[in-house]
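The block underneath contains the structure these notes are about, expressed in structure tokens.
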Amino acid sequence: MASLFIGSAIGPFISSFIIKRTSSIIPIFYIALVVDILNVCYTLFVLPESNESPTEQPQRGLCERLNVFSALKILVKDRPRLHVTRYALPCLALAEFLLTLVKRPPTLLYAMLKFHWTAYEGSLYYTCTSILKLTMMIGVLPLLSRLFQKKCPRAHRMHHEKRFKNSVPFDLWMIRVGIGMDALCLLLSGLATNVVLFTTAGMLQSFSMLAQPSIRGLLTTLVNPNQVGELLGAVAILDSISSKKL
Amino acid sequence: MLGAGFYGRLSDRKGRRCVLRISTIGSLLYVMCDLITAKYYDKIGISLMFLGPLLRGIMAGESVLMASVQAYIADTTEPSSRYHKQII
């Protein structure tokens with residue numbers, strides 16, 4: 001995720017620089033083409049396989065194959081593998097769905113209408129929030145994770161399975177704090193009467209980055225390794241629906 | 001959305017690399033469609049701008065690519081270190 005934010009922080013800057021120098025957008029497409037060719041070569045010739053023991057799955061009927069939502073059955077089919085409630089997977093999937101639903105609020109449009117922002121203020125705001133989110137990802141989150149491991153060593157010995165040092169309490173708290181901060185900052189942004197408060201709320205919203213890696217990590221921990229692809233496919237369906245809704 | 005379930009099961013059956021390859025090739029075709037449209041729009045119009053996203057979606061779009069990458073991370077990490085790798 002930090003890699004994504006690095007790309008979204010640097011990419012527009014480089015693109016606008018090139019467009020300014022060449023007065024054309026065609027070079028941008030050529031750069032994108034070269035990057036994609038490198039990506040294809042990497043996945044074809046370099047990237048090793050991670051799923052060393054792929055599994056055969058039971059035959060599915062024609063109706064089930066045609067039903068695009070049949071993949072969502074994994075969220076309710078089996079009990080999660082750790083000692084958590086049966087409803088953990090659907091609840092986490094719902095949290096992910098709702099988080100994606102409000103991931104891109106019309107913040108800049110609102111600021112343009114209320115505070116008469118121009119493209120300059122908007123791009124500055126977007127750049128600052130991206131940098132803060134990146135700082136959150138690569139600086140604050142790993143620090144919090146290490147602090148938690150030092151302060152709560154007992155949490156790592158709660159479960160008897162040796163393979164799973166318990167990161168569940170940490171993940172749950174990160175999800176709670178992340179979603180809570182997101183909701184609070186959206187409320188503050190809506191109630192803000194001046195630019196300072198509005199911008200501060202926007203910057204604080206970078207704390208919402210705490211939730212996403214925890215939700216994904218926890219989802220993958222709750223199913224068998226040979227079902228991770230199917231589970232994340234189901235989550236991708238929910239993400240696609242929620243990102244189109246608003 | 002239409003292909004996410006299919007590609008999720010495919011990655012469990014055939015491996016993550018298969019889906020990643022399909023997705024990156026789809027992305028390459030999308031960029032090629034945009035580039036051809038930008039250069040020759042006066043000759044061929046903008047029809048390729050509709051074909052590009054369609055191909056991208058059929059060949060494991062961005063949401064499936066993200067899901068495959070996260071599945072790859074899940075395969076190669078222990079749950080205790082998965083959070084750090086997901087961050088990066």
Side-chain angles (χ1 to χ4, degrees), chain A residues 1-3 25-26 29-30 32-33 36-37 39-40 42-44 47-52 54-57 68-72 137-138 141-142 145 156 163-167 170-171 174 212-214 216-217 220-221 225-237 239-241 243-244, chain B residues 1-40 57 60-88:
Chain A
M1 288 188 176
S3 315
I25 61 168
I26 303 291
F29 288 107
Y30 279 118
L33 184 70
D36 269 316
I37 289 171
N39 205 9
V40 169
Y42 177 73
T43 52
L44 280 177
L47 188 70
E49 178 57 60
S50 67
N51 191 8
E52 292 295 340
T55 53
E56 280 302 318
Q57 285 159 358
V68 297
F69 298 109
S70 63
L72 297 175
M137 283 283 194
I138 60 177
L141 266 63
S145 174
H156 291 278
R163 287 186 63 205
F164 298 101
K165 288 183 186 175
N166 187 22
S167 61
F170 176 73
D171 284 337
M174 288 297 106
Q212 279 250 316
S214 291
R216 296 288 171 135
T220 55
T221 311
N226 60 357
Q227 293 176 310
V228 167
E230 192 178 347
L231 173 72
L232 290 176
V235 172
I237 291 173
D239 283 349
S240 299
I241 296 170
S243 62
K244 300 288 178 290
Chain B
M1 186 180 86
L2 298 179
F6 168 73
Y7 283 113
R9 279 187 281 266
L10 183 70
S11 73
D12 285 334
R13 223 171 44 237
K14 300 286 184 193
R16 315 296 179 211
R17 212 167 47 162
C18 173
V19 175
L20 287 172
R21 283 170 179 169
I22 293 171
S23 183
T24 49
I25 291 171
S27 178
L28 179 65
L29 290 174
Y30 175 45
V31 169
M32 282 171 68
C33 287
D34 280 349
L35 176 61
I36 293 168
T37 303
K39 284 201 72 152
Y40 304 111
E62 277 162 21
S63 56
V64 177
L65 176 64
M66 282 300 299
S68 302
V69 168
Q70 280 156 4
Y72 194 100
I73 294 170
D75 288 340
T76 52
T77 53
E78 289 291 328
S80 55
S81 61
R82 195 166 293 166
Y83 183 75
H84 296 284
K85 300 295 187 291
Q86 292 271 7
I87 290 168
I88 293 167

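Labels below follow one simple rule: chain letters A, B, ... track the order of the sequence lines, proteins then strands, and each chain is numbered from 1. Values reported hereafter were calculated over all heavy atoms of this structure, with side chains retained and with hydrogens, waters and symmetry mates removed.
- Between the CG atom in A:Leu44 and the CZ atom in B:Arg21 there is a gap of 5.5 Å [rounded to 0.5 Å].
- Note: A:Ile37 CD1 to B:Met32 CE = 7.5 Å, rounded to the nearest 0.5 Å.
- In this structure, the side chains of A:Tyr30 and B:Lys39 come closer than 4.5 Å at one or more pairs of heavy atoms.
- Between B:Thr24 and A:Asn39, the side chains place no donor N or O within less than 3.5 Å of an acceptor N or O (distance only, hydrogens not considered).
- Residues B:Ala67 and A:Ala236 share a closest heavy-atom pair of CB-CB, 4.3 Å.
- Of the atoms belonging to A:Val235, not a single heavy atom falls under 4.5 Å from chain B.
- Note: B:Asp34 leads B:Ile25, B:Asp34, B:Val19, B:Leu20 in heavy-atom pairs under 4.5 Å with chain A.
- Atoms CG and CZ, on A:Leu232 and B:Arg16 in that order, are 7.5 Å from each other to the nearest 0.5 Å.
- Residue B:Ser27 comes nearest to A:Asp36 through the heavy atom pair OG-OD1, 3.0 Å, listed as atom of the first residue, atom of the second, then distance.
- Counting heavy-atom neighbours within 6.0 Å of B:Tyr30 OH, excluding the residue itself, gives a total of 12 or less.
- Proximity to chain B (any heavy atom under 4.5 Å) is shown, for A:Ala32, by both the backbone and the side chain.
- Listed here is the closest heavy atom pair of A:Phe29 and B:Leu35: CB-CD1, 3.4 Å.
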Test B:Tyr72 against A:Leu47 for side-chain contact (heavy atoms from CB on, under 4.5 Å), laying out the working first. CA-CA 11 Å; B:Tyr72 194 100; A:Leu47 188 70; 3.7 Å; yes

